[in-house]
There are 2 protein chains.
Amino acid sequence: MNSPHPDKSRAQSLGQYLANIRTTKRMSLREVEDACDGVVSNAYLSQLEHDKINKPSPNILHALAEVYAVPYSTLMTKAGYIAETQSPKKKSGRHAQVPTFATDDLTPEEEEALLEYLAFLRSRKGGSK
Amino acid sequence: MNSPHPDKSRAQSLGQYLANIRTTKRMSLREVEDACDGVVSNAYLSQLEHDKINKPSPNILHALAEVYAVPYSTLMTKAGYIAETQSPKKKSGRHAQVPTFATDDLTPEEEEALLEYLAFLRSRKGGSK
DNA sequence: CTTGACTGCTTGATAAACTTAGCAAATGAT
DNA sequence: ATCATTTGCTAAGTTTATCAAGCAGTCAAG
């Protein structure tokens, strides 16, 4: 036994989640503002990522879900609008390789962890352009 | 009093809809407030029924949906959060999980690093099974 | 070094959601 | 009649989301 506390569903906050996705996609705050047609201002997005806002309206979340190509329900859940009673589908016996991260294989927790790690990686290296 | 709009009887405002349900169920404003554990105050519900509020937050709507035993999505639709499309399906019926990574431009090194990290993650938790 | 275009981030203001306290009109019991 | 309770409702205040504007830092030329 290596870990006394199996971190179960250590869901990151909505802000961290949003920040990770954006960093992963290498988009600036203003690029996101532009991409969603001004529905979310860059200033507001910054506050969102720093957890300054408690309950952003679904409009905002929907726009971000589209821009980031993540499920709307995930953002709604992380914003506390939907209870997290949904059991994460336990797919036992997934052992296949991971070809270019098809993500069918990733659990939500794994996806979050990888996003975070990727964000970390890229924050260390300068962008190459 | 109630002017019968012959055109679209279904185009009821959220307020009218809520008032209708409550009257039908013979509940007082304060009874509703109690039934949803104080999530919606009686005063606020009155304003809601009179269309004084444009976009109540989903918390409120969810609580009311439970108390009134009506589908949450109906209230969300009437509040203008969801478009009134009969089938919320978009193009491309199977859209199972989100390709957070799939659409991203991973460099080979990043991919390798992520795979390694994923392996590490799974060796930690997936060891038992 | 200076200029300029970026970046993320903060602040001051505004509008809207939401609550607290209370009102007037019923109803009912004494 | 008076008192008590309950009804729906609202005016006034508090809280919060949201934005426009601007600030400090970075990086690339000029």
Side-chain angles (χ1 to χ4, degrees), chain A residues 13-68 72 75-76 78-81 116 118-129, chain B residues 1-2 13-68 75-76 78-81:
Chain A
S13 69
L14 173 69
Q16 284 183 317
Y17 185 68
L18 290 176
N20 279 336
I21 295 182
R22 188 176 60 85
T23 309
T24 297
K25 293 196 176 298
R26 288 209 186 99
M27 296 179 77
S28 75
L29 295 171
R30 284 170 180 82
E31 276 176 327
V32 175
E33 170 175 355
D34 237 25
C36 64
D37 232 31
V39 174
V40 187
S41 69
N42 69 83
Y44 188 54
L45 182 53
S46 177
Q47 294 177 74
L48 271 180
E49 294 184 354
H50 287 232
D51 288 317
K52 298 294 177 100
I53 274 89
N54 255 22
K55 289 207 131 44
S57 90
N59 308 1
I60 303 287
L61 298 182
H62 189 270
L64 290 178
E66 292 241 327
V67 170
Y68 291 156
Y72 178 48
L75 298 187
M76 287 292 278
K78 284 192 177 299
Y81 283 133
E116 192 170 13
L118 217 208
F120 166 73
L121 278 181
R122 288 185 171 172
S123 72
R124 293 246 132 206
K125 315 164 120 184
S128 53
K129 264 214 156 135
Chain B
M1 308 299 236
N2 60 353
S13 72
L14 174 68
Q16 284 181 322
Y17 184 70
L18 289 177
N20 242 331
I21 296 182
R22 189 176 60 85
T23 309
T24 297
K25 292 195 179 296
R26 304 275 196 277
M27 295 179 78
S28 74
L29 294 173
R30 285 169 180 81
E31 275 176 328
V32 174
E33 170 175 355
D34 225 30
C36 63
D37 231 32
V39 173
V40 187
S41 67
N42 68 84
Y44 188 52
L45 182 53
S46 178
Q47 294 177 65
L48 273 180
E49 294 184 355
H50 286 232
D51 287 316
K52 296 298 176 99
I53 272 86
N54 258 21
K55 285 200 131 49
S57 91
N59 309 2
I60 304 287
L61 298 182
H62 190 270
L64 290 178
E66 293 238 328
V67 169
Y68 291 154
L75 298 188
M76 287 291 278
K78 284 195 177 299
Y81 283 131

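Here is how names work: the chains are called A, B, and so on, in the same order as the sequence lines, proteins then strands, and each is numbered from 1.
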task = Using atom NZ of B:K55 as one end and atom C1' of D:dT16 as the other, report the distance to the nearest whole Å.
result = 17 Å

request  = Starting at atom CZ of A:R22, determine the distance to atom P of C:dT7, rounded to an integer number of angstrom.
outcome  = 10 Å

message = Rounded to whole Å, please give me the gap between NZ in A:K25 and P in C:dT7.
response = 18 Å

ask   = For D:dT5, does OP1 or OP2 lie under 4.0 Å from any side-chain N or O of B:R30?
value = no

key: Polar side-chain atom of A:R26 near backbone of A:T23 as donor-acceptor pair, under 3.5 Å   = no

ask   = Do B:L14 and B:P56 come close enough that some side-chain heavy atom pair is under 4.5 Å?
value = yes

Spacing of A:D34 atom CG relative to C:dC6 atom P, expressed in whole Å = 12 Å

inquiry  = With salt bridge (Lys or Arg N to Asp or Glu O under 4.0 Å) as the rule and sequence neighbours excluded, what pairs involving residues 38-59 of chain B come up?
reply    = B:R22-B:E49

query = Please give, in whole Å, the distance from D:dA17 C1' to B:N54 CG?
reply = 14 Å

query = Within this structure, what is the CD-to-C1' distance between A:E31 and C:dC6, rounded to whole angstrom?
reply = 10 Å

query = Which comes earlier along DNA chain C counting from the 5' end, the contact point of A:L29 or that of B:V40, where each point is its nearest nucleotide?
reply = A:L29

query = Given side chains that start at C-beta, do those of A:Y81 and A:L75 come closer than 4.5 Å, heavy atoms only?
reply = no

request  = For DNA chain D, determine which residues of residues 45-53 of chain A have any heavy atom closer than 4.0 angstrom to one of its atoms, and list them numerically.
outcome  = A:Q47, A:I53

query = So what does B:V39 hit on the nucleic acid, given a heavy-atom distance under 4.0 Å: a base, only sugar-phosphate, or nothing?
reply = sugar-phosphate

ask   = Could you state the interatomic distance from OH (B:Y17) to OH (B:Y68), rounded to the nearest 0.5 Å?
value = 10.5 Å

note = OG of B:S41 to CD1 of B:I60, rounded to nearest 0.5 Å, is 7.5 Å

query = Once you round it to whole Å, what is the distance between P of C:dG8 and CZ of A:R26?
reply = 13 Å

remark   = Heavy-atom nearest nucleotide on DNA chain C taken for B:G38 and for A:S28; more 5' hit belongs to A:S28

inquiry  = Does anything in residues 28-38 of chain B form a salt bridge (Lys or Arg N to Asp or Glu O under 4.0 Å)? List the pairs, not counting sequence neighbours.
reply    = none

note = B:I60 atom CD1 is separated from C:dA16 atom P, nearest whole Å, by 18 Å

